[in-house]
Amino acid sequence: MAAYALYVLRRSGQFVLVVFVGINIAFFVTHATPIDPITAAIAAATRFSQADPQAVQLTREALRELYGLQGNLWQQYVVFWMRVARADFGPSLSAFPTPVSTLIWRALPWTFGLLSVATLISWGLGNLLGGLAGYYRRNVPLKLVGVVASGLQPIPNYVMAFIVLVLFGYVWPILPITGSSQINLPQGWTLAYFQSVFQHALLPVLSLVLVGTGAWFIGMRALVSNIVTEDYVAYAELGGVDRWRILISYVMRNALLTQVTGLALSLGLIFNGAVITEVVFGYPGLGNLLIRAVYAGDYSLVIGIASTSIIAVAFAALVIDLVLPLLDPRVRVA
Amino acid sequence: MRILTALSLALGGLVLGQQAQAAEDFLAGIPRNQVLIAENPEGTVTDPSNFNLWVPKPNGTSTGLQQLCMDTLWYIDPDQGLNGKVWDNSLAADKPQYNKDFNEMTVKLRPGIMWSDGVEFTADDVVYTVQTLMADPGGFNDGARMAANVDTVSAPDKDTVVFKLKKPNSRFHAAFTVRWSATWIMPKHVFEKQEKPSKYNFNPPVCLGSYKLKSFDPNGAWFIWQRRDDWQKTTLARFGEPGPNYVAYIDPGPPDKRVILQQNHQLDIIHDTSPEGAFALIKSSPTSHGWFKGFPYAHPDPTLPMVVLNDQLEKFKNPDVRWALALLIDMKAVDMASYRGAATISAIDVPPTGTYPHYYFEPMEQWLKDFTIDTGKRTIHPYDPNMGKEIADMLRPSMGAAIPKDPQAIAAAFGRGWWKQDPQAAAELLEKAGLKEIGGKWMLPDGTPFTITISTEGDNRPVMTRAGSIIAQQWTQAGIDSKIDALPTAMWSNMFNGQNEATMAWTVETWGGHPDLSFFLDSWHSQFLSDPGKFQPPRNWQRWKDPELDKIIEQIRAIDFDDPKGIELGQDFVKLAVKNMPNIPLMSYNVFTIMDSTYWTGYPSAETDPYTDPVPNWGNTKYMMVKLKPAGAQ
Amino acid sequence: MRQSGRDNGSTVGPHPPPEGAPALSVDNLRAYYLTHYFGVEREVRAVDDISLVVRRNEIYGLAGESSCGKTTFLKTVAAAVRPPLSVIGGSVQYAFLDRDLYALNPAKLSAIRWRRLSYITQGSMNVLNPVRRVRESFIDFAYRHMGLKRRPFFAAVNEHLQRLHLAASVLDAYPHELSGGMKQRVTIALATICRPEFIIADEPTTALDVIVQKDVLAMIREAQQQIGSSMLFVTHDMTVHANIADRLGIMYAGRLVEEAPTADIFANPKHPYTAHLVASLPRIGEQSRKESLSGAPPNLANPPSGCRFHPRCPLAMEVCREASPALTTLAPGRRVACYAASPLVKPSPTAERVAGATHRAERVGLVQ
Amino acid sequence: MLRILKDLFRYNREFSLGAILILLVVAISLASFLSPYPSGMQYVVPFDAPPSWDHPFGTNSRGQDVFWQLTFAIRNSLLFGTAVALLSRLIAIVVGLTSGYVGGMVDSVLMSINDTFVVFPPFPILVLVYFIFKDHMSWALLAVAMACLGWAYDARLIRSMALSLRTREFTTQSLFSGMSTGQILAEEHLPYVLPIVFATTMNNINWSIGLEVTLSVIGFTNIDTPTIGTMIYWANQHTALVAGVWWWIAFPVGLVIITFVGLYLLSVSMNEYIDPRSRLSGMGGAA
C-alpha cells in the first residue's frame, strides 16, 4: 500500500507539472499574439460611425481598465495564476462581461459527452473485435473487419467527419448534420430532448468511432496474437480450460492492461479528433468555442479553453493511470 | 457536364422529396407554416444570454434582436421602401427639425407605442438612452459619438426630444437612422435599475419592435421570436399585421450546409452563400429564388468592395502608382473569380445600387468616357463603357436565358463600364513614378522590389478572398510580387493599425435609397485621420488626405440632408476620387440571399416589388414581416 | 513400488526392469514444421519417425541436447500441435483411449485433458496467468473434472496441497508473489490434482537452482507415486534423468538413437552420442578435461545424409554417411541405432524421404 | 537494406500493396514537374469541366486543372509530412537515446517533459501557434511547430530500446575503449534504433498530413500554397459539393486516403519485419 501511495504521489506530481507547463505555454503564447483585443473592440464599436482620434483614445483607456489589461506582463502573469487557482479565467473579451468559465462550462459537457461516448464505443468495440480477431485468426468475417479497420484507421478525423456528413446529410439525408438538439426543444430531463440529443450525436459519434475503432482493433489484434503465444495461454489450452474463459480471463484480460495504458496515452489525440469533429458538425462543444474565440481574438477565452483542455486531458490520463494498478496485480508492487 | 448536372439535380430532387416530411418537425412545438426561418450570419453566438447590443461584441446583434425587437427614430431603405418611400419615420413622428445653424435638433415622437412589457414608450426613454451612452464612452458602441456631439438632451414633453449639439452637425440624425443598424432606444424603466448598464445582459430583452423573444439556444445556435399580441402598439402596425407568428434566426453552418438545409426546406432565407451554391440551389429547387429573378440573383448591397490601398505607405503615395495598379486589373477575370460573373461592377467610388445609378452613374457616364490620364508618355482614355455588356455576353452561352438582353437591365445587373486592362499604360505610369523594371520585376525608387500583400477577410467573406487572389495573380504576372493573406476576423481589426498594404474591403457605404454620401464621406475628413502607423477607426482606412476632399465634405456639412446640391457635391467627390484613385473600386457587395417560397411568399424582389433589402441581418428586415404571407394563403 | 529417496546424484542406482502394460505407445511418429515465409518453403523435421512405449507407473525420461526435437515430440503426444507444426504420420495411442489421439474430436480431447493427461511444462515460470490468483487457476483447470461442489472442491484442493507439503495460502497468491520453485510446485500440484493417468513433464526443473531442483524432483516423484500415474519426463540434464527416470530414451536430431533402463544407459552406453552425454557428466574427484563434441547439432531443415550424427561421430564409417541406421532391439528393453554398436543394426527400412509430398496426412489444428 | 526492401516487396502482401500505393502517390507528385500550368495560377483552363480526356480529374471553379493542381498539392503535402517527420524523429532520437543511455536524473527530467508532451492535445496548441504567427505563418514554421508536438510518443519507444541496449555487452566494450557518450549513441545504438524509427516515420507523416489538412480546411494555414488541405479549403469556398463539382473534392480526398493507407501499410509491415517476435512466429522457429 505504501508503494501505491508513493506511486499516486509521483503520478500526481507529474500531473501538476503537465498542467503547469501547459497553462504557461497557453499564457505566453496568447500574450505574444499580435491580436489586440482593445483594437478589435474599438473597431467593432466604431464600424458604423465616425470617430475622431480623441474619442478613440477615450474608448481605448476605458476598455483597458475594463478588460483588466493594465500592468506589465509579469503583473498580468501573477494576476492570471491567482485567478486560475480559483478556476477563474476572467471575463471573456468577445462576450464581455460574461466570465470565460461560464462559457467553458456551457460547452464542456457537450465535448465530454461526445468524446466519452465515442471513446467508450470505439475502445470497447475495437478491443472486443480485435481480441476476437487475434484469437480466431482464421475467421473470415473478422478478417474482413480487420481490412476495413486498417483502411479507416489512418483517415484523419476531419476527412472522415466530412465524408460521413456528405453521405448521411446530403447524398442520403437521413440524419441531422448540425447542432446538438432540435431547435426550440427546451433542455431538460425529457424523453424528447434525449431522443433529439441522441439523434444529433449519431453522425459525430459515428465518424469518431469509424476512425477510432480501427486503432484499438489493430492494437488489440496484435497484442492478442502475441499473448496467445504466452506460456500461460498455451498451458491453459493444454489444460483444456474453457475456450471463452481463456479468451476472456487469460487473453483479453492481459491485453486490456496495455490497452488501458494506451487509452491514457492517446487521450490527447482523441481530444483532437473530437474537437475537429465538433467543428464539422457545428456541435456546441469546446472545439467550436475555441475556433470562435480565435476568430474573435478573445485571448482570455483562448487561454481558458487551451488550459481547460490540457487539464481535462491530463486529469483523465491521471485517473486512468491511478486506476490501472487496481486492474493489474503486478503494477501494485512496482 | 450536362449529364452530371442533371444527375446532381436529380439528386437534389430526391433530397427534396425525402425531406418534405422532415421539414415539418424541424422546430419542436411550432408548426412549420407559422415560422419564418432565417440565417443569422453571425453563426453561433458566443454568449447567447446577453442581449445588450449597445456594447461592443462580435456577435449577438443580428439574431433577430436588431431586426425584430429593436426600434429607433428613423429608417432609410437601401432599396425603394414600402409604398415607394425610402424614408420612414419610425419612432419619430416626423423628419428631424434642425435650427438654422445645425446645432440643435428637435424630434417629435410617435405616440401610443408600447414596450413589450406593457410600459409606454416616451421621450424619457430617448433622453435616457443618449445620456447613458454618453456617460460611458468606453462601455458602449456609440458612447464616444454621443459624447463628442451632444451637449445636452432634454424632453420638454413626453413626445418631444431636444438635442443641443456641441458643434454644428447637419447629419446628426444619422445616428438614429437605420441603415443596417443605428443607435437603438433603451427601455429606461429596465436599465435604470442597473448599477452598470454596460454590464447588464438585458435578458429577456424588452422590445419596441413587433416581436418578442420566445426562446433561445443556450449554446447560441438559434433564437426564436414571437409576434407580440399587442403588435398594434408598435410602429410597424402602420403597414399591417406582421405575417409570421414566429421568426427563427439560426446558425445553419457553412455555405454548403445552408444550401442543403434550404433544399430540405428547413431554411427559408439564406443570408449568403457562395455564387456556385446559389446557382445550384436555384437550378435544383423551383421554390428558391434570389433578389433578381435571373442572373446574378444576388442582392447588391449599397457597399462597394474595392482594393483599399494604404495611401500613407510610401509605395502607394503616388497616384500614378495607384492608377497603374488599377490598369493592371482585368475586371472580367475578377468578376468571374469572385462572383462567377454575378457582380455589379463600378468604376467609381459609389455603389451601383439602390437609387445611385440614377443619381450618379447615368449623369457621369459621359464624363468618364471623356476622362484621360497622362502616362508620362501619352494621354489615354482608360474607361471602357462596354465592360458590363461584355461580361453579360461572356456569360450568355453558359447561363442562357438567365442573362438579360435589354441594355438597361444589363446595366442594372452587371454594371456599366470599368477601366480597361492596359499593362502598357501601367508600365508607363510606374516608370513615371520612378519605378524601374529589372528582369521582369518592378523595383521601387529606393531599389527594393515592389511587393504587395493583399489582406482578405478569410472565411468571413470568401468572395473577397477569391477576388483578392485573382488580383494578386494579375499583379504578380505584371512583375509586382503579390500574395493574399486570408485573415480571421480577429486579425482583421489589426488592419486598422496602419500596417496594412492592400486590403479587400470597402470604405464606401451609402444609404442606398438616399443620395446623400455623408454616411461614409464625412469620416473621410482629415480631422479624423490618424498618423501613419497609428490606429484608425475603420472609416477612410485608405487614409487618403486631400484639401479638396475636406472642402467638399465641409460644404456637404453646411447643407441640409435633402438639399439637391448634395448630389452635385457627391459628383465632385466621385471625380476627385477617380483622378486620385485612393482605392480601386470594383463592384457592389452582392449578397446571395436566397429565399424559399415553400412556406412564405411576398419576399422583396428587384422586378416585382423592391420594397426592401432581403438580406436578413439588416435592421430594415422588419419591413419584410408585414409583406410576408403564408404560401397558398393568397 | 519403487523405493524413494534415490537422490544420490553422482551415482547411478539400480532400476528394476521395465514391467507392466503400455500406457502410451507411439509408432513411427513424424511431425514437421512446414513454413512458408518470404517465399521460402521450409520443412523442419523435428520429430522424424519415432516409436516408443511408456509403461504404466513408469517414468520414462527423454534426453538430448537443445533443439533435438524433444519438446516438439512432447507437443505431438500432448496433442498441442499448432501451425506451422503438423503431424505428418504415425500414431499416438494412450491406454485410456480407445482410439488414436489424433482421431479424437475437440470435445473428447478437451474431456481427457487434465482428467487423464496433464502437463508440467517447460518454462513453468510463466504458465500461470499473471492477473489471476492461484485459486482461480485451480478452478479453471480442475473444477469441471472433479465433479464436486465448490466447498468440497476446495477441501480436496487443500488436502492435495497438504499432501504435497504446500501451504493453503498459496491459493490466494498471485503468480508474481511466488518464488520460482514455489511456482513450479504449484504447477505440479495443479497438474496432479485430478490424478491423471499420464503426466507429461517438459524440463520442469531446468530454470531452478540446484537446491530447489532437488526438492522439486522429489516432489514430482512423490506425486507420481501417490497417484500412480505414468510420466514422460523430458530434460537435457542427464543428472536429473539419473535421479528420476526409470527408463531413458536418447534423442538426436529428431530421432530416437538409444533406449534402455536408466541404469544400463549410464553403465553401458551403446551409441557414441549417448556415450558422450554420459561421459560429460561430472564425477566426484574427476580431474581430466571433458572431451567436447566437435561441431553443432545439424540443421533439421537440411539434415545430413545417413546417420544424422555422423558428421560429429568419432566412430563414423562409410555406411553411416549413406544410410540411416534402424533403431534395433539388441536385448529386451535395449534399443540402439548405430552401426558401430552392433552388427545387428541395419539400415532403416523406412528410407529417407518416406514422408515426402506423396502422403502427407497433415494433422493440424488440434489446438487452433 | 535494399535486399530487405526487395524481400519485403516480394513476400509481404501489406508491404507490396503499401509500396505500390505510395509509389503511385509519389509518381503523381513527381508529375507536378511536368505540369503544363504553373501552380496556384487561376483561370488557365475552362472552369467546372467534369473529368474528360483533356482533364482526367476535371477542372475546378477557379479555372484550374484538378489533376495538375493535385500533383502540386500532394507534392507539398508529402514534403510537409516528411519535413515534420524528419524533424520530430530527430528530437525523438536525441531525447530517447540520451534518456535511455544516460539514465538517472537526466532520464527523469527528460521523461517528465516527454510525458507532458504526450498528453498535450496538439490542436489547441497549434491554434495558439497560429494565433501568434498568423502574419508570418509559413509552411516551415508550421512544420517546426508540429514537429515539436509530434515526437514524444516515439521518444519513449526509442528510450525503452536504448535501455535494453545499454545493458548489452558491446556498450560496455565501447565504453572501455574510450568512446564518448555521443559516439556510443551515434555509432553503436543508433543502428539498432533506426528500423523502428523508420516505421514511426510513416505514422508521423500520416499524422502531420492529417493535421495539416485539418488546419488548412479551417483556414489556419497559408492558403496560397497548394496542399491537399488548401485544395479542400478552396473547394469549400466555392461550395463545390452542393454545386455538383464533386471531382474537386473526391479526387483530393481519395488521393489523401490512398496516401494514408499506403503509409500505414508500410509502417505495419516494417513493424512486423522489425519485431523479432512476429518474425519468429512467421518463420515458425523449430523448438
Side-chain angles (χ1 to χ4, degrees), chain B residues 1-9 11-12 15 254-260 262-263 273-281 283-284 330 332-334 336-337 340 398 453 455-456 458-463 465-466 469-470 472-474 476-477 482-488 490-491 494 499 592, chain D residues 37-52 54-55 58-64 127-128 130-139 215-226 229-230 232-250:
Chain B
M1 177 71 190
R2 203 148 296 195
I3 293 169
L4 280 157
T5 311
L7 207 72
S8 59
L9 291 188
L11 203 74
V15 167
D256 34 10
K257 277 197 190 172
R258 297 170 206 162
V259 171
I260 294 172
Q262 191 167 88
Q263 278 175 338
T273 182
S274 74
E276 290 84 358
F279 301 162
L281 180 58
K283 266 190 200 159
S284 69
D330 173 3
K332 280 185 215 167
V334 174
M336 289 309 295
R340 278 305 271 280
S398 60
T453 301
S455 303
T456 72
D459 270 351
N460 235 14
R461 304 201 189 278
V463 169
T465 306
R466 289 159 60 166
S469 134
I470 187 77
Q473 176 175 326
Q474 290 168 357
T476 303
Q477 278 173 321
S482 307
K483 62 173 173 107
I484 51 162
D485 189 5
L487 297 166
M491 304 289 180
N494 286 10
Q499 317 296 340
F592 286 89
Chain D
Y37 317 108
S39 96
M41 278 289 252
Q42 309 165 60
Y43 294 89
V44 287
V45 291
F47 48 74
D48 291 349
S52 67
D54 288 341
H55 305 290
T59 66
N60 65 20
S61 308
R62 306 180 77 207
Q64 296 162 325
V127 168
L128 287 180
Y130 166 79
F131 211 65
I132 320 182
F133 289 109
K134 175 53 201 151
D135 291 356
H136 318 281
M137 195 68 180
S138 65
W139 187 91
L215 286 172
S216 298
V217 165
I218 307 173
F220 284 4
T221 59
N222 180 1
I223 55 169
D224 274 343
T225 313
T230 55
I232 300 174
Y233 170 86
W234 281 110
N236 281 347
Q237 294 271 302
H238 289 255
T239 56
L241 192 70
V242 291
V245 192
W246 54 267
W247 49 91
W248 194 358
I249 301 262

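Just so it is clear, the values below take in all heavy atoms, side chains as well, and ignore hydrogens, waters and symmetry mates. Here is the naming used below: chain letters follow the sequence lines, and residue numbers restart at 1 for every chain.
- Checking side-chain atoms of D:Gln42 against main-chain N and O of B:Ser469 turns up a donor-acceptor pair under 3.5 Å.
- For D:Gln237 against B:Arg466, the heavy-atom pair with the smallest separation is O-NH1, 3.5 Å.
- When heavy atoms are compared at a cutoff of 4.5 Å, B:Pro254 does not approach chain D at all.
- In this structure, the portions of B:Glu276 lying under 4.5 Å from any heavy atom of chain D include both its backbone and its side chain.
- Put simply, of B:Val259, B:Ile484, B:Thr476, the one with the most heavy-atom pairs under 4.5 Å next to chain D is B:Ile484.
- Contact check for B:Arg340 versus D:Asp48: side-chain heavy atoms found under the 4.5 Å cut-off.
- With contacts defined as side-chain heavy-atom distances shorter than 4.5 Å, the pair D:Thr239/B:Phe279 does not qualify.
- One distance of note links CG of D:Leu241 with NZ of B:Lys257; it measures 12.0 Å at 0.5 Å rounding.
- Across D:Ala243 and B:Gly277, no two heavy atoms sit closer than the pair CB-N, 4.5 Å.
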